[in-house]
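In what follows, every chain begins at residue 1, and chains take the letters A, B, ... in the order their sequences are listed.
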Protein chains: 2
Amino acid sequence: MLEVRHLRTLIALAEAGTVSRAAERVHLTQSALSHQLKALESHYGLAMVKRHGQSVQLTEPARRLVALGHTVMNELQTAERDLAKLARKPTGTLRIALECHTCFDWLMPIMDAFRKHWPEVELDLVSGFHPNPLALLADNKTDLVIGSENKARRGIVYHPLFRFEVLAVMPTDHRLKTKRYLAAGDFAKETLITYPVPEERIDLIRRVLKPAKIHPRRRTTELTVAILQLVASRRGVAALPNWGIKNYVDYGYVIARRIGKNGLWSNLYGATTGEVARLPFVRDFLETARRECFAKLDGVVPVQ
Amino acid sequence: MLEVRHLRTLIALAEAGTVSRAAERVHLTQSALSHQLKALESHYGLAMVKRHGQSVQLTEPARRLVALGHTVMNELQTAERDLAKLARKPTGTLRIALECHTCFDWLMPIMDAFRKHWPEVELDLVSGFHPNPLALLADNKTDLVIGSENKARRGIVYHPLFRFEVLAVMPTDHRLKTKRYLAAGDFAKETLITYPVPEERIDLIRRVLKPAKIHPRRRTTELTVAILQLVASRRGVAALPNWGIKNYVDYGYVIARRIGKNGLWSNLYGATTGEVARLPFVRDFLETARRECFAKLDGVVPVQ
DNA sequence: CATAACTTATGAATGTGTTTCATAATATTC
DNA sequence: GAATATTATGAAACACATTCATAAGTTATG
């Protein structure tokens, strides 16, 4: 009766908090998940979710099954990794180029795990700034580019990773703190603190400020913590992924506000050549990245 | 892609040795399993079985998946046990009455495991000989009767366990050792060594010798090893389950022959009242018994 | 060596069971 | 109170696992 699909569903539900969002995550409809849950409940004679206003809470039996799900999914991934190694000696390189600075934050633990799982594969980060990272793929200077671009190009395949919201970060006593969300005009008089990259690489500028013809002062620094430091000490405002600043907001170090009524959302993709996309260890890397980000990063949803 | 059903199939295949017998074990057709295997092979790009004449041998990838299957099935059973405990405090008793002597051999380790898994349940063996064990159920003197009877009776449900072959056991130098199988007449001049139970309880007598009006001498003893001892020292022949004597035959201590052209087969059932059948720990016990017996006992097949 | 009794493989048909669709019901937000 | 979320549910659609029918290949046996 219990199948892997039920475990996937329950894990997604535990992470997403609502049936609808869990459904997106497992690429099914809300209805399908509702039926699945009903089937589980009637089979075990136990409630799996307790409706709690807008969201659902998992019951103890459901949490037990989630625990089962985690161990099963781990065992399964390990086994499939072993099969991939049996199919072919997994030698090769995985050079990763990053288009977005904050990605470092989630990438590190995943690279560490990868090194353990595929000791035979040479893992590398392509360092330095590159005006056109996708060109590195064609030039065989990298194997994987992580960024938000997904324009169709011949020979390049995009692997959707996840979608996240970019929030405006401000000092706790900022004059705009009462606003529910910020409009382009609100940035006119601000200093924008960013990573040292061209304007086109900064979502807020490219997609919100430039179209509104607003050009705030800019100040740049390399590290996320440095940006937050500057924001907290009232040197300006920043725009950062919600999962990157969650801890600082929860701690009351800075405050965050939505950008525009529906928020400023960004998709993240992994881009490879078609050939590289077929390598088992690359697929494993991408799958792990997705899984771990959905599990560990807050407010992350599937692409689209 | 990989689902629990594939793992069940591969485990059954590892235990049964042929696709057809594995299919019986998982209650599917041979064709279904063949399709499943084909799907696995094309999905992983790896062969799962190597045809080896009449039987199949699992390849390394398949064995890896069987290992995965074992851990997954264990985790799964543990989780479902936990769910059952969450549904209701599992207090109660499980008193087991045995209709067949040899069943002790496989029952012991299963009872040990049960005690670990359900410490709250009082486990007991109903000792002594009982002319009509099924009556004990109605009298509430036992909760479970293990035997080969399955005549429909109101209020009693039978849970198929497994089917095994009863073989004639003889000293290595017996005059009948050249025969491929023994007929009823062959027993006429033999001494039959059995457990100390009435004739009707001995399959060989009830189903083979009595219909042929053959009544050999009988000599009885309590323990299986004692029976084998007597056989080996030429005091007579015995009829025992194949899995009970496998080691002694392999070691060359005694020899075993089929009884009748198609062999003498016996079905084993667990009998309970309808009420007891619903208790989670009883279902768990029966499921574990089946699983372990199929895994550990040689030449055991599903009932029917 | 031929036949019987086993195996497994395979394509087409079947049928079960999951998913989607459409919609109702209910809660939350502004 | 309207708008926008959420989940629940029965019926319809669809996917896909299983069965059926059958072929083709081994192994045993007289």
In a table with atom names and distances, give each donor-acceptor pair under 3.5 Å that connects a side chain of residues 247-256 of chain B to protein atoms at least two apart or in another chain.
{"from": "B:Asp250", "atom 1": "OD2", "to": "B:Lys246", "atom 2": "NZ", "distance (Å)": "2.9"}
{"from": "B:Tyr253", "atom 1": "OH", "to": "B:Gln229", "atom 2": "OE1", "distance (Å)": "3.4"}

Legend entry - Set of salt bridge (charged side-chain N to carboxylate O under 4.0 Å, His left out) partners for B:Lys177, sequence neighbours left out: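 So B:Lys177 forms no salt bridge (charged side-chain N to carboxylate O under 4.0 Å, His left out) with any residue.
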Inset, instruction - Take A:Glu190 and A:Arg175 through the salt bridge (charged side-chain N to carboxylate O under 4.0 Å, His left out) test and state the conclusion after the steps. - result: CA-CA 11 Å; A:Glu190 300 294 330; A:Arg175 64 181 171 98; 2.6 Å; yes
Legend entry - Polar side chain donor-acceptor pair, B:Ser20 to B:Gln30, under 3.5 angstrom: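 Their side chains do not contain a donor-acceptor pair, so the 3.5 Å distance test is not met.
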Rounded to whole Å, please give me the gap between [atom1] in [X] and [atom2] in [N].
{"X": "B:Tyr181", "N": "D:dA28", "atom1": "OH", "atom2": "C1'", "answer": "15 Å"}
{"X": "A:Arg258", "N": "C:dC30", "atom1": "CZ", "atom2": "P", "answer": "11 Å"}
{"X": "B:Asn262", "N": "C:dA5", "atom1": "CG", "atom2": "P", "answer": "10 Å"}

Inset, instruction - Spell out protein contact along nucleotides 6-18 of chain D as letters: B when the base is contacted, S when just the sugar-phosphate is, - when no protein heavy atom is under 4.0 Å; keep the 5' to 3' order. - result: SBBBBB-----SS
Inset, instruction - Indicate yes or no: does A:Glu15 engage A:Arg291 in a salt bridge with an N to O separation below 4.0 Å. - result: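 Result for this pair is no, no salt bridge flagged.
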Legend entry - Any A:Arg180 side-chain nitrogen or oxygen under 4.0 Å from OP1 or OP2 of C:dC30: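 A:Arg180 to C:dC30 OP1/OP2: side-chain N or O found under 4.0 Å.
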Legend entry - Evaluation steps, ring pair (Phe, Tyr, Trp, His ring centres under 6.0 Å), between A:Trp265 and A:Phe164: CA-CA 6 Å; A:Trp265 290 81; A:Phe164 60 91; 8.2 Å; no
